[in-house]
Amino acid sequence: MGVHIQMLGTGSAFAKAFNNNNALVTVEGQTLLIDCGITAPKALHEIGKNFGDLAAVLITHIHGDHVGGLEELAFQMKFIYQRKPVLFVADTLVEPLWENTLKGGLQQNESRSLNDYFEVRPLRVGIPAEVLPGLQIELIRTPHIPGKSSYSLLMNGFFFYSADMAFDDSLLESLVNERGVRTIFHDCQLQPPGAVHACLPELLTLPDFIQERVYLMHYGDDQPRFEGHTGLMRFVEQHKIYDFSL
Ligand SMILES: O=c1ccn([C@@H]2O[C@H](COP(=O)(O)O)[C@@H](O)[C@H]2O)c(=O)[nH]1
Ligand SMILES: [Zn+2]
Ligand SMILES: [Zn+2]
């Protein structure tokens with residue numbers, strides 16, 4: 001079965017040379033958008049796509065580079081494409097996503113909740129859900145900002161997508177050794193200290209058998225200086241289509 005991932009952007013929250021770290025995962029002709037940051041509407045346009053091409057959107061956590069484009073997505077789907085988009089989001093984030101992020105812009109007349117704009121499909125940690133035919137996603141709660149819920153994704157049991165997380169080598173080792181993860185897309189802050197992201201010096205301490213599975217994303221504009229200095233790990237390239245078929 002063909003599973004493709006294409007990053008709309010590979011940049012950190014403040015990057016300007018790269019779009020926000022948002023991904024398109026396509027299986028059997030259906031596409032899931034993972035995170036919809038501030039740059040997502042323009043980034044889709046750059047590759048000749050639009051919100052009408054998406055089957056669903058999934059949100060990993062509430063930061064502007066991951067949710068800042070959702071208001072435009074909601075309005076475009078309502079007024080241009082005239083259908084409710086499917087929204088996968090952790091059950092713990094359903095209320096804060098509306099109350100703390102979207103309500104200010106989206107609330108009007110009869111439209112007063114997340115359900116008025118989206119077909120909301122809450123996800124529960126540890127319970128894999130079929131988000132598209134042929135694509136299962138399991139949420140793993142991972143450390144990012146203290147006091148803020150944030151989730152990484154395990155896709156079809158073998159592809160780990162960190163979204164935003166602090167360094168957690170024991171999680172990565174157990175995913176590879178116990179769960180058979182073959183490919184890891186990991187956020188990477190190039191300059192230490194990492195604090196809320198894994199930083200490159202931390203990721204370079206991973207054993208070779210993990211590094212060879214790792215692709216680095218969510219990096220700053222200084223990324224070109226680090227080419228050739230990432231051990232066995234490689235950078236994910238913005239817009240390149242990666243094939244992770246079974
Ligand atoms: O400790 C921190 C670090 C960063 N932030 C802010 O969060 C957003 C999103 O940043 P990500 O690096 O993509 O998570 C950005 O505005 C940072 O300044 C924070 O609140 N606390
Ligand atoms: Zn981010
Ligand atoms: Zn974040």
Side-chain angles (χ1 to χ4, degrees), residues 5-25 32-44 46 57-73 87-102 104-105 123 125 137 139-155 159-168 171-172 184-203 214-223 226 230 233 235-239:
I5 184 163
Q6 179 181 31
M7 301 302 296
L8 285 182
T10 51
S12 65
F14 300 156
K16 296 294 171 280
F18 306 103
N19 296 322
N20 294 156
N21 198 85
N22 306 161
L24 297 175
V25 179
L32 172 76
L33 172 63
I34 298 175
D35 288 328
C36 183
I38 299 158
T39 62
K42 180 95 183 304
L44 272 174
E46 283 169 6
V57 57
L58 184 152
I59 295 302
T60 62
H61 68 295
I62 300 179
H63 267 155
D65 54 324
H66 302 267
V67 296
L70 272 182
E71 178 181 311
E72 181 170 341
L73 184 151
L87 171 66
F88 293 100
V89 61
D91 50 2
T92 56
L93 294 181
V94 172
E95 196 209 340
L97 181 60
W98 176 256
E99 291 295 330
N100 304 340
T101 301
L102 294 174
L123 298 173
V125 164
I137 291 190
L139 290 190
I140 299 174
R141 186 164 176 186
T142 42
H144 180 35
I145 306 284
K148 205 168 166 57
S149 297
S150 188
Y151 301 89
S152 300
L153 312 175
L154 181 59
M155 297 188 220
F159 176 51
F160 179 74
Y161 181 94
S162 69
D164 287 7
M165 65 177 277
F167 186 57
D168 188 344
L171 173 66
L172 298 176
I184 296 169
F185 271 30
H186 208 298
D187 56 315
C188 175
Q189 186 171 310
L190 295 166
Q191 310 272 7
V196 302
H197 295 279
C199 67
L200 181 57
E202 288 171 322
L203 289 161
V214 173
Y215 292 74
L216 305 171
M217 60 182 186
H218 204 292
Y219 40 73
D221 286 344
D222 52 352
Q223 178 269 342
F226 291 85
T230 58
M233 301 175 288
F235 286 109
V236 186
E237 289 176 40
Q238 180 167 295
H239 294 174

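Remember, it's 1-based here, ligands and their atoms both numbered in the order they're listed. Bear in mind that the values here come from a model prediction, so they are computed numbers and not experimental data.
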Chemist: Hey, what polar pairs (N/O, under 3.5 Å) does ligand 1 make with protein?
Modeler:
from: ligand 1; atom 1: 7 (O); to: His63; atom 2: NE2; distance (Å): 3.1
from: ligand 1; atom 1: 12 (O); to: His197; atom 2: NE2; distance (Å): 2.5
from: ligand 1; atom 1: 13 (O); to: Asp65; atom 2: OD1; distance (Å): 3.3
from: ligand 1; atom 1: 13 (O); to: Asp65; atom 2: OD2; distance (Å): 2.7
from: ligand 1; atom 1: 13 (O); to: Asp164; atom 2: OD2; distance (Å): 3.1
from: ligand 1; atom 1: 13 (O); to: His218; atom 2: NE2; distance (Å): 3.2
from: ligand 1; atom 1: 14 (O); to: His63; atom 2: ND1; distance (Å): 3.0
from: ligand 1; atom 1: 14 (O); to: His144; atom 2: NE2; distance (Å): 2.8
from: ligand 1; atom 1: 14 (O); to: Asp164; atom 2: OD2; distance (Å): 3.1

Chemist: Strictly under 2.8 Å of the Zn ion (ligand 3): which protein N/O/S atoms qualify?
Modeler: His61 NE2, His63 ND1, His144 NE2, Asp164 OD2
Chemist: Please determine, by modelled atom types, if Asp164 and Ser150 share a side-chain donor-acceptor pair under 3.5 angstrom.
Modeler: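 Judged by distance alone, the side chains do not pair up.
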Chemist: With Met165 as reference, evaluate Leu171, Ile140, Thr60, Val196 under the side chain to side chain contact (heavy atoms under 4.5 Å, CB included) test and give the passing residue.
Modeler: Leu171
Chemist: So do the side chains of Leu58 and Val89 get within less than 4.5 Å of each other, counting heavy atoms only?
Modeler: no
Chemist: Check whether any side-chain N or O of Asp221 sits under 3.5 Å from a backbone N or O of Ala17 as a donor-acceptor pair, and report yes or no.
Modeler: yes
Chemist: For the residue pair Thr230 and Gln223, establish whether any side-chain heavy-atom pair is separated by less than 4.5 Å.
Modeler: no
Chemist: Between Lys148 (side chain) and His61 (backbone), is there a donor-acceptor pair under 3.5 Å?
Modeler: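 Such a contact is absent between Lys148 side chain and His61 backbone.
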Chemist: Taking all non-hydrogen atoms of both residues into account, name the closest pair between Tyr219 and Ala15 and its distance.
Modeler: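 Tyr219 and Ala15 have their closest heavy atoms at O-CB, 4.0 Å.
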Chemist: Could you report the tightest heavy-atom contact between Asp65 and His218, atom names first, then the distance?
Modeler: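 Taking every non-hydrogen atom into account, OD2-NE2, 3.2 Å.
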Chemist: Please check if the number of heavy atoms outside Glu95 that lie under 6.0 Å from its CD is greater than 12.
Modeler: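 At most 12 heavy atoms, drawn from other residues, nucleotides or ligands, come within 6.0 Å of this atom.
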